Peer 1: 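Input: one structure, supplied below.
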Amino acid sequence: MTRLALTSLKLAAFRSHASLRVETDGRPVAIYGPNGAGKTNILEAISMLSPGRGLRRAAAADMARSATGIGWRVTAELHSLEQSHEVVTGVEGDAARSVTIDGKAAAQVALGRIARILWLVPVMDRLWLEGAGERRRFLDRMALSFTPSHAEASITYERAMRDRNRLLKDQSRDAGWYDALEDQMARAGAAITATRMEALSRVARAQEDAATAFPRATLSITGPDGEDAPDGSEDQLRRAFAEGRRRDMAAGRTLTGPHRADLSAIYTDKDMPARHCSTGEQKALLISLILANARALADSFGAPPILLLDEVAAHLDTDRRAALYDEICALGAQAWMTGTGAELFDALGPRAMRLHVTEEGGESRTQAEA
Amino acid sequence: MSDGAGKEIEQLIALMAKLPGLGPRSARRAVLTMIKKRRLLLDPLAQAMTEVAATARECVECGNIGTSDLCDICTSPKRDQTILCIVEDVSDLWAMERAQVFSGRYHVLGGVLSALDGIGPDELKLPKLETRVAQGQIKEAILALGATVDGQTTAHYLADRLEPLGITVTTLAQGVPVGGELDYLDDGTISAALRARKSL
Ligand SMILES: Nc1ncnc2c1ncn2[C@@H]1O[C@H](COP(=O)(O)OP(=O)(O)OP(=O)(O)O)[C@@H](O)[C@H]1O
Ligand SMILES: [Mg+2]
Ligand SMILES: [Zn+2]
């Protein structure tokens with residue numbers, strides 16, 4: 001096994017799961033069960049094995065099982081390339097989320113170096129229609145999957161920007177202080193933009209000669225109003241921040257920089273902006289992008305990412321669904337997929353293992369089926 | 001919460017528990033040990049604390065903590081007066097001293113710039129630093145600040161203020177002080193970071 005997969009997953013007091021234990025053999029996992037059973041909760045728990053707030057973007061404390069309220073823990077055996085790691089993350093009391101990798105305390109960003117995880121959840125169906133924030137996060141998750149240091153650059157940028165915003169609100173005129181903060185923002189910002197561009201070109205390349213049933217998308221990064229984005233180099237950013245001080249002071253925040261970037265997508269074959277495509281087409285574009293990202297990662301990282309596909313099967317017709325399964329299996333990706341009925345996964349046959357999730361008195365029960 | 005000991009002892013335990021590295025449990029153990037070893041520990045400790053309480057103060061020159069107005073480092077004729085190491089906190093200074101890798105003098109800022117925490121240039125010991133540099137003996141200032149955003153912002157800010165005064169400003173090899181605090185670095189790492197210092 002030269003792949004990336006969870007071989008064991010344990011949840012303790014994670015939302016509806018008082019305690020869950022699953023062993024896998026690296027195959028994709030089909031999770032089925034009625035509404036409210038606790039399927040998405042399992043995907044969310046896995047998403048906590050990557051840096052950040054996970055696929056619901058929830059506060060860490062909200063993930064604690066409400067009945068106990070003392071915290072939660074996710075323990076996973078992660079097979080990454082030729083190595084196996086024990087990853088534990090969780091929250092105790094009102095402390096911040098902690099991470100240990102192979103028994104040693106680690107920073108959250110360290111998770112990105114061993115686990116590459118991508119997800120598709122139903123709220124992303126509206127990705128191309130709503131605010132830029134969600135699209136930017138989608139773009140950053142792509143970038144992070146290729147370049148784990150993207151997390152550090154983002155944290156540095158955010159931290160320096162929050163300080164700068166505070167200076168702006170306080171109407172500070174200490175040019176030296178602005179210079180010092182903007183220098184860090186420019187450096188981290190240039191790295192962020194470069195990593196994002198790199199991710200887009202990798203995904204574009206992976207779409208070029210792919211045998212796929214899903215439509216090609218042409219992606220580009222734009223400014224907040226859809227205009228062409230400036231080059232985002234260190235010098236350009238440094239100048240833009242310095243020149244923008246007066247305007248930013250009036251606004252009380254930083255109005256230019258990579259935190260304002262937007263992602264635009266075009267359905268390539270129809271030359272149609274994604275936001276004007278049909279609901280089904282938009283979904284197909286997203287799946288296409290996730291698969292392209294996965295193929296590109298298989299090339300550069302040496303293994304395709306772990307995929308978390310929440311309710312993806314339900315929205316595809318039979319042929320598209322079969323095509324999706326075939327592509328996942330051809331990639332060798334461990335996809336964790338949810339759906340209400342077991343029959344949604346019939347086309348997978350023995351290529352996936354199955355988990356049946358049910359709920360009793362507010363507690364999820366999970367049964368593995370061979 | 002009461003241990004059934006007297007009020008004064010409870011008070012001592014409560015105070016000890018506020019010390020870094022100690023919690024209520026270890027504070028209780030420590031107090032019990034001290035009382036049991038009265039002559040060996042408690043009496044000398046009480047005396048040492050009284051003396052420190054009466055004499056401990058900040059060095060008016062560098063911000064180090066000592067027992068007289070000028071600290072031992074600032075008064076030592078053996079220390080190189082042309083080179084100044086700028087640190088965030090006294091604990092960083094002590095870490096550098098333990099490593100025995102630096103023979104110049106220090107300046108303790110007493111913090112790093114953080115607009116979010118309300119720490120600006122006026123809250124740091126900057127005027128004193130500029131006065132010291134303006135006196136003309138210092139040729140190089142080494143910025144030994146953490147690799148955090150605040151630490152690096154402060155380093156950049158100081159470099160811009162000090163370079164026009166005609167001195168060389170260098171910084172510890174980037175990326176070495178993980179998480180910022182010099183205090184957590186072992187001696188070998190500090191000396192490597194010092195040797196590999198570079199201009200900003
Ligand atoms: N902190 C919590 N403690 C206990 N239960 C929780 C907590 N947070 C959410 N739940 C419960 O978890 C249950 C299952 O949620 P989940 O989203 O996983 O369901 P699902 O199986 O994906 O359902 P659907 O098919 O409708 O998407 C919900 O009924 C919810 O009330
Ligand atoms: Mg769900
Ligand atoms: Zn001194």
Side-chain angles (χ1 to χ4, degrees), chain A residues 92-93 95-96 98-99 104-110 113 149 151-192 234 237-238 241-242 245 248-249 252-254 257 259, chain B residues 21 23-25 86 88 109 111-127 129-130 133 141 143-165 167 169-181 184 186 198-200:
Chain A
E92 255 178 86
S98 68
V99 173
K104 285 199 210 76
Q108 260 186 50
V109 291
R113 301 217 151 70
S149 64
E152 279 105 335
S154 304
I155 290 169
T156 298
Y157 183 84
E158 284 284 326
R159 183 70 181 70
M161 183 174 72
R162 280 170 50 201
D163 243 39
R164 182 177 187 269
N165 287 350
R166 167 54 60 192
L167 289 189
L168 294 167
K169 283 206 187 83
D170 295 347
Q171 308 272 309
S172 163
R173 306 209 173 257
D174 189 330
W177 199 347
Y178 281 108
D179 282 343
L181 287 168
E182 289 166 6
D183 176 66
Q184 296 204 67
M185 287 172 68
R187 280 195 238 191
I192 289 170
E234 216 177 294
L237 283 172
R238 203 174 274 116
F241 293 138
R245 278 177 210 168
D248 289 354
M249 201 180 279
R253 67 200 167 94
T254 305
H259 66 288
Chain B
R25 278 173 63 136
I86 300 172
E88 173 179 345
L109 293 172
V112 280
L113 291 177
S114 169
L116 285 169
D117 296 330
I119 301 171
D122 297 343
E123 277 70 37
L124 305 181
K125 292 193 175 58
L126 292 192
L129 175 60
E130 282 170 329
V133 171
L143 300 169
L145 301 170
T148 59
V149 171
D150 291 346
Q152 294 307 301
T153 300
T154 310
H156 191 286
Y157 186 87
L158 288 178
D160 281 357
R161 294 266 290 248
L162 298 179
E163 269 164 354
L165 301 177
I167 61 167
V169 180
T170 57
T171 178
L172 288 194
Q174 188 105 38
V176 177
V178 258
E181 283 79 343
Y184 290 114
D186 60 68
K198 52 182 190 215
S199 21
L200 278 159

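Every chain is numbered from 1 and lettered A, B, ... according to where its sequence line falls, protein lines coming before strand lines. Just so it is clear, the structure is predicted and the values come from calculations on it, not from any experiment.
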Peer 1: Taking all non-hydrogen atoms of both residues, which atom of A/W177 and which atom of B/I119 are closest, and how far apart?
Peer 2: CH2-O, 3.4 Å
Peer 1: Can you name the closest pair of heavy atoms from A/D174 and B/Y157 and give their distance?
Peer 2: OD2-OH, 3.0 Å
Peer 1: Any idea which heavy atoms bring A/D183 and B/H156 closest together, and the distance?
Peer 2: OD2-CD2, 3.2 Å
Peer 1: Mark yes when over 12 heavy atoms from residues, nucleotides or ligands other than B/E130 sit less than 6.0 Å from its CD; otherwise mark no.
Peer 2: yes
Peer 1: Between atom CD1 of A/I155 and atom OG1 of B/T148, what is the distance when rounded to the nearest 0.5 Å?
Peer 2: 13.0 Å
Peer 1: So which of B/L158, B/D150, B/D160 has the biggest tally of heavy-atom pairs under 4.5 Å with chain A?
Peer 2: B/D150
Peer 1: Any residues in residues 157-165 of chain A near chain B, with a heavy-atom distance under 4.5 Å, and which are they?
Peer 2: A/R159, A/A160, A/R162, A/D163
Peer 1: For the side chain of A/Q184 and the backbone of B/V149, is there at least one donor-acceptor N/O pair under 3.5 Å apart?
Peer 2: yes
